[in-house]
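Single-structure report; data block below.
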Amino acid sequence: MRISDFQARVYRAASRIPRGRVTTYKLLAAAVGCRSPRAVGQALRHNPFAPEVPCHRIIRADLTVGGFVGEEQGPLWQRKVDLLRREDVLFRRGVLIDAARLYNPAL
DNA sequence: ATGATGATTGGGG
DNA sequence: CCCCAATCATCAT
């Protein structure tokens, strides 16, 4: 499969999220000039460069974990939580504990 | 070109 | 909790 121009832009923007920080689909969408956070999730879902391109650092606007490789629960989804755990990004009942870890890629 | 499908979001009952 | 519309890249028809 080929990487579309849109995917390239999303991956480049995602790569700017520092280790130990997270951003939301909405903010990342804004960063690439797209008004569909859902379309961004679509691109991240097919990220062939994980975890180099840290698609695990994108969560929902309500600060809940969100999906991963098309899953919202289960082993693959758990992988997202584990990757973040290694970066000291923790969740309580599925919700990000420290909101200060949010990163705005638009800056 | 047309319709369906998402790693979403915000609003409503 | 569930349902719905808006949004848009991508893929199937």
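Below, chains carry the letters A, B, ... as their sequence lines are ordered, and counting in each starts from 1.
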- Tell me which nucleotide among B/dT9, C/dA9, C/dC8 gets nearest to the side chain of A/Thr24. B/dT9

- Output yes when A/Arg101 and A/Glu87 qualify as a salt bridge under the 4.0 Å nitrogen-oxygen rule, no when they do not. no

- Message: Measuring from the side chain of A/Ala39 (C-beta onward, heavy atoms only), which nucleotide among B/dT9, B/dG6, C/dT10 has the closest atom?
- Response: B/dG6

- Message: Does A/Val65 reach a base, just sugar-phosphate, or nothing at all? Heavy atoms under 4.0 Å.
- Response: nothing

- Student check: side-chain heavy atoms of A/Gln78 and A/Glu71 closer than 4.5 Å: no

- Item | For A/Tyr11 against A/Pro48, the heavy-atom pair lying closest together | OH-CD, 3.7 Å

- Query: Quick one: A/Phe6 CZ to C/dC11 C1', roughly how many Å, whole number?
  - Reply: 15 Å

- Query: When the distance from NE2 of A/His46 to C1' of B/dG6 is rounded to whole Å, what number comes out?
  - Reply: 9 Å

- Query: Quick one: are A/Leu84 and A/Leu96 in side-chain contact, heavy atoms under 4.5 Å?
  - Reply: no

- Look at the side chain of A/Arg38 and decide which nucleotide, out of B/dT9, C/dC8, C/dA6, has an atom nearest to it. C/dA6

- Nearest-Å distance for atom pair CD1/P, residues A/Ile59 and B/dT9: 9 Å

- Think A/Lys26 has a side-chain N or O under 4.0 angstrom from the OP1 or OP2 of C/dT7? no

- Query: Which comes earlier along DNA chain B counting from the 5' end, the contact point of A/Gln42 or that of A/Asp62, where each point is its nearest nucleotide?
  - Reply: A/Gln42

- Task: For the pair A/Asp5 and A/Arg9, find out whether any cationic side-chain nitrogen is under 4.0 Å from an anionic carboxylate oxygen.
- Result: yes

- Message: What is the separation between atom CG on A/Leu27 and atom C1' on B/dT8, rounded to the nearest whole Å?
- Response: 12 Å

- Message: If hydrophobic clusters are built from ILVMFWY residues whose side chains come within less than 4.5 Å, do A/Ile59 and A/Leu90 share one?
- Response: no

- Query: Can you tell me if A/Lys80 uses its side chain to pair, donor with acceptor, with the backbone of A/Ile58 under 3.5 Å?
  - Reply: yes

- Gap between atoms CD and P, on A/Glu71 and B/dG6 respectively (whole Å): 12 Å

- Message: Tell me whether the side-chain N/O atoms of A/Arg60 come closer than 4.0 Å to OP1 or OP2 in B/dT8.
- Response: yes

- Rounded to whole Å, the CG-P distance (A/Asn47 to C/dT10) equals 14 Å

- Message: Whole angstroms only, please: what is the CG-P distance between A/Asp5 and C/dA9?
- Response: 11 Å

- Item | Nucleotide nearest A/Glu72 (side chain, heavy atoms from C-beta), chosen from B/dT8, C/dC8, C/dT10 | B/dT8

- In whole angstrom, what separates A/Arg9's CZ from C/dC8's C1'? 11 Å

- Side chains of A/Arg38 and A/Tyr25 in contact at under 4.5 Å (non-hydrogen atoms): no

- Are OP1 or OP2 of C/dT7 and a side-chain N or O of A/Arg35 less than 4.0 angstrom apart? no

- Looking at A/Gln7, does any N or O in its side chain come under 4.0 Å of the phosphate oxygens OP1/OP2 on C/dT10? yes

- Item | Dot-bracket encoding per residue of DNA chain C, Watson-Crick/G-U cut-off under 3.5 Å, | denoting interstrand | ||||||.||||||

